[in-house]
Amino acid sequence: MSFAFGIGIGSQNNQGEWLEVFYQQPVMTPDNGLIDVARNSLDYQGGNQALLVNAEQLSQFANALRQVGETDQAALAEKAASSRRPVCVTILETDNTASSTPEVYLKLHLISHRLAKPHGLKLDGIFGLLPNLAWTNEGAIDLNELSDRQLKARLEGRTLEVKSVDKFPQMTDYVVPKGVRIADTARVRLGAYVGEGTTVMHEGFINFNAGTEGTSMIEGRISAGVMVGKGSDLGGGCSTMGTLSGGGNIIISVGENCLIGANAGIGIPLGDRCKVEAGLYITAGTKVALLDDNNELVEIIKARDLANTTDLLFRRNSQTGAVECKSNKTAIELNEELHANN
Ligand SMILES: CC(C)(COP(=O)(O)OP(=O)(O)OC[C@H]1O[C@@H](n2cnc3c(N)ncnc32)[C@H](O)[C@@H]1OP(=O)(O)O)[C@@H](O)C(=O)NCCC(=O)NCCS
């Protein structure tokens, strides 16, 4: 059983190097029949490969796919045969470290199509395979070719609009998963996992390999690697700490039915039903006064020791400035839970 498959329409620069690839119907664990057809009609030799295919090969591939009942992929292959852009058939036998730009794009599509979860795919080394590009109203352009393309557009009476200069494109130019609202589409990168029922407001942001499980109101930033549980909301301008730039190696996540207040932030994974007061940033080393349901001090504890604990309210005492954590449990219950794994 192979790992993934996709017929992609892409862009290349003047050197014939891949810039990006659009997979309309990526497939996770494709049937053996589909892969056998690729072996016979495209000379696929096994392993992880992105095969550059021409119109004639695509027509033959489409016929062979139809014969094994792969009607959707056959229809796509047939349409791709008339593409004015380069077409690739990408087959991943295993989820190994990617070795080409089309492979990385297939993996990012799998996540944004909700076929794979963040952290479910091997994504190491992808930055080196994603060229930094100008994303324009005329598609992706190699930065070395941008100036000439801008001039060409002007001479022809058009303006080339550069929407961003980045390694990742916005997700919605590739897929809009079912049941989402995204107020500002530039704020969600390809490779984001946007769960059904999620609204991303203008201040919200979702990086690649990160996202929401289901219903959520996202008005803050979901950094790379962070997953937000069902029913949890991120208040305006709040931050979830990523692991990419000095955020440490704890993978941050948010449990179900949590609220991270406006301008607050978390550097620890939150359990279910937790709240963080607006404006309070909890880093892993923040010393926290843990209070029980009677507001009695249980102990002073580092926030990292409260990682994944459920039913907590974090706030900064407005009179003393101390960070406090209130629980709805008694001191005895809390102590037992916290020290269960010591
Ligand atoms: C932390 C938070 C959840 C507390 O809300 P709450 O549980 O409803 O608590 P209340 O405001 O009713 O306060 C309960 C008591 O705690 C006190 N209190 C609240 N915050 C306090 C603080 N930081 N320091 C000291 N006392 C505080 C209140 O004065 C009140 O005291 P009382 O019992 O004497 O009347 C809330 O302040 C908050 O920050 N919510 C986030 C909202 C948000 O940002 N949403 C996203 C919008 S985009």
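Here the structure is a predicted model, which means the values were calculated and not measured. Atoms considered below: every heavy atom in the structure, side chains included; atoms not considered: hydrogens, waters and symmetry mates.
Between the Asn317 side chain and the Gly321 main chain, no donor and acceptor come within less than 3.5 Å of each other. Formation of a donor-acceptor pair under 3.5 Å by the Asp31 side chain with backbone atoms of Gly33 is not found in this model. A donor-acceptor pair under 3.5 Å is formed between the side chain of Arg114 and the backbone N or O of Lys178. The backbone N or O of Ala224 sits nowhere less than 3.5 Å from a side-chain atom of Asn209 that would complete a donor-acceptor pair. A side-chain donor-acceptor contact under 3.5 Å links Arg187 to the backbone of Glu203. The main-chain N or O of Arg85 is found under 3.5 Å from a side-chain atom of Ser83 such that the two form a donor-acceptor pair. Under the 3.5 Å distance criterion, the side-chain polar atoms of Ser327 are matched with a main-chain donor or acceptor of Lys329. Between the side chain of Glu213 and the backbone N or O of Gly231 there is no donor-acceptor pair closer than 3.5 Å. For Asn13 (side chain) and Asp142 (main-chain N/O), no donor-acceptor pair under 3.5 Å exists by modelled atom type. A distance-only check finds no donor-acceptor pair linking the side chain of Glu219 to the backbone of Val200 [under 3.5 Å].
Between the side chains of Asp272 and Thr310, no donor N or O sits under 3.5 Å from an acceptor N or O. With 3.5 Å as the limit, one finds no donor-acceptor pair spanning the side chains of Lys230 and Thr215. Between the side chains of Glu93 and Asn48, no donor-acceptor pair of N or O atoms lies under 3.5 Å. No hydrogens or angles considered: a donor-acceptor pair under 3.5 Å links the side chains of Asp43 and Gln45. Counting only N and O atoms by type, the side chains of Tyr105 and Thr90 include no donor and acceptor under 3.5 Å apart. With 3.5 Å as the limit, one finds no donor-acceptor pair spanning the side chains of Thr71 and Arg66. The closest side-chain donor-acceptor pair between Asp173 and Gln170 falls under 3.5 angstrom.
In plain terms, the two heavy atoms of Thr212 and Gly195 that are nearest each other are OG1-N, 2.9 Å. Taking each heavy atom of Ile35 and Pro30 in turn, the nearest pair found is CD1-CG, 3.8 Å. Annotation for Ala303 and Ile282: closest pair CB-CG2, 3.4 Å, computed over non-hydrogen atoms. Between Asn257 and Ser232 the shortest heavy-atom distance is N-OG, 3.0 Å. Considering every non-hydrogen atom in both Ala134 and Val162, the closest pair reads CB-CG1, 4.2 Å. Counting all heavy atoms, side chain and backbone alike, Val37 lies closest to Ala64 at CG1-CB, 3.4 Å.
Ion pairing between Glu138 and Arg149 holds under the 4.0 Å rule for side-chain N and carboxylate O. The residues Arg189 and Asp166 are annotated as salt-bridged, a charged nitrogen and a carboxylate oxygen being separated by less than 4.0 angstrom. Salt bridge present: Asp95 and Lys107 bring a charged side-chain N and a carboxylate O closer than 4.0 Å.
Looking only at side-chain heavy atoms (C-beta outward), Phe22 and His109 come within less than 4.5 Å of each other. Annotation: side chain of Leu290 is in contact with side chain of Leu338 (closest heavy-atom distance under 4.5 Å). Residues Thr198 and Ile218 form a side-chain contact, since some pair of their non-hydrogen atoms from C-beta on lies under 4.5 Å apart. No side-chain heavy atom of Val104 sits less than 4.5 Å from a side-chain heavy atom of Trp18. The shortest distance between side-chain heavy atoms of Lys275 and Cys258 does not fall below 4.5 Å. Two residues are said to be in side-chain contact when any heavy atoms from C-beta on lie closer than 4.5 Å; Ile111 and Phe208 fail this criterion. Side-chain contact check for Leu334 versus Asp293: every heavy-atom pair is 4.5 Å or farther apart. Side-chain contact between Leu58 and Glu78 is absent, with no heavy atoms from C-beta onward closer than 4.5 Å.
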Derivation and outcome, side chain to side chain donor-acceptor pair (under 3.5 Å), residues Thr240 and Arg221: CA-CA 6 Å; Thr240 52; Arg221 301 184 298 279; over 6 Å; no
Derivation of the side-chain contact (heavy atoms from CB on, under 4.5 Å) call for Tyr44 and Val89: CA-CA 10 Å; Tyr44 164 60; Val89 173; over 6 Å; no
Pair Leu92-Glu103, side-chain contact (heavy atoms from CB on, under 4.5 Å): steps then yes or no: CA-CA 8 Å; Leu92 302 183; Glu103 287 178 37; 3.6 Å; yes
Ile252 and Met241: CA distance, side-chain angles, deciding distance, side-chain contact (heavy atoms from CB on, under 4.5 Å) verdict: CA-CA 7 Å; Ile252 306 301; Met241 214 184 263; 4.3 Å; yes
Worked check of side-chain contact (heavy atoms from CB on, under 4.5 Å) between Gln150 and Thr159: CA-CA 7 Å; Gln150 284 171 319; Thr159 305; over 6 Å; no
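No continuous path of hydrophobic side-chain contacts links Leu306 to Leu297 [ILVMFWY only; heavy atoms under 4.5 Å]. The hydrophobic cluster containing Tyr193 also contains Tyr174, counting ILVMFWY residues as joined when their side-chain heavy atoms lie under 4.5 angstrom apart, directly or transitively. No path of Ile, Leu, Val, Met, Phe, Trp and Tyr side chains, each step under 4.5 Å between heavy atoms, connects Leu259 with Ile206, placing them in separate hydrophobic clusters. Hydrophobic cluster membership is shared by Phe127 and Leu133, with clusters built from Ile, Leu, Val, Met, Phe, Trp and Tyr side chains linked at under 4.5 angstrom. Val298 and Phe314 end up in the same hydrophobic cluster when Ile, Leu, Val, Met, Phe, Trp and Tyr side chains are linked at under 4.5 Å.
When the shell of 6.0 Å around CD of Glu156 is examined, it contains more than 12 heavy atoms from other residues, nucleotides or ligands. A 6.0 Å sphere centred on CZ of Arg181 holds no more than 12 heavy atoms belonging to other residues, nucleotides or ligands. Surrounding CD1 of Ile300 are more than 12 heavy atoms belonging to other residues, nucleotides or ligands, all under 6.0 Å away. Other residues, nucleotides and ligands place more than 12 heavy atoms under 6.0 Å from the NZ atom of Lys163. Heavy-atom neighbours of Lys167 NZ from other residues, nucleotides or ligands within 6.0 Å: above the threshold of 12.
The CG atom of Leu234 sits 7.5 Å away from atom OG of Ser216, with the distance rounded to the nearest 0.5 Å. Distance check: Leu115 CG to Thr29 OG1 gives 9.0 Å after rounding to the nearest 0.5 Å. In this structure, CG in Asn32 is found 9.0 Å from CZ in Arg39, a value given to the nearest 0.5 Å. Atom OG of Ser100 sits about 7.0 Å away from atom CG of Leu129, to the nearest 0.5 Å. With rounding to the nearest 0.5 angstrom, the CG atom of Asn63 is 11.5 Å from the CZ atom of Phe61. Once rounded to the nearest 0.5 Å, the distance linking CG of Leu291 with CD of Glu296 reads 9.0 Å.
Contacts classified as side chain to side chain donor-acceptor pair (under 3.5 Å) and involving residues 276-290 (residues at least two apart or in different chains) are given here: Ser239-Tyr281, Thr283-Thr286.
Leu151 belongs to a hydrophobic cluster with Leu155, counting contacts under 4.5 Å between side-chain heavy atoms of Ile, Leu, Val, Met, Phe, Trp and Tyr, direct or through other members.
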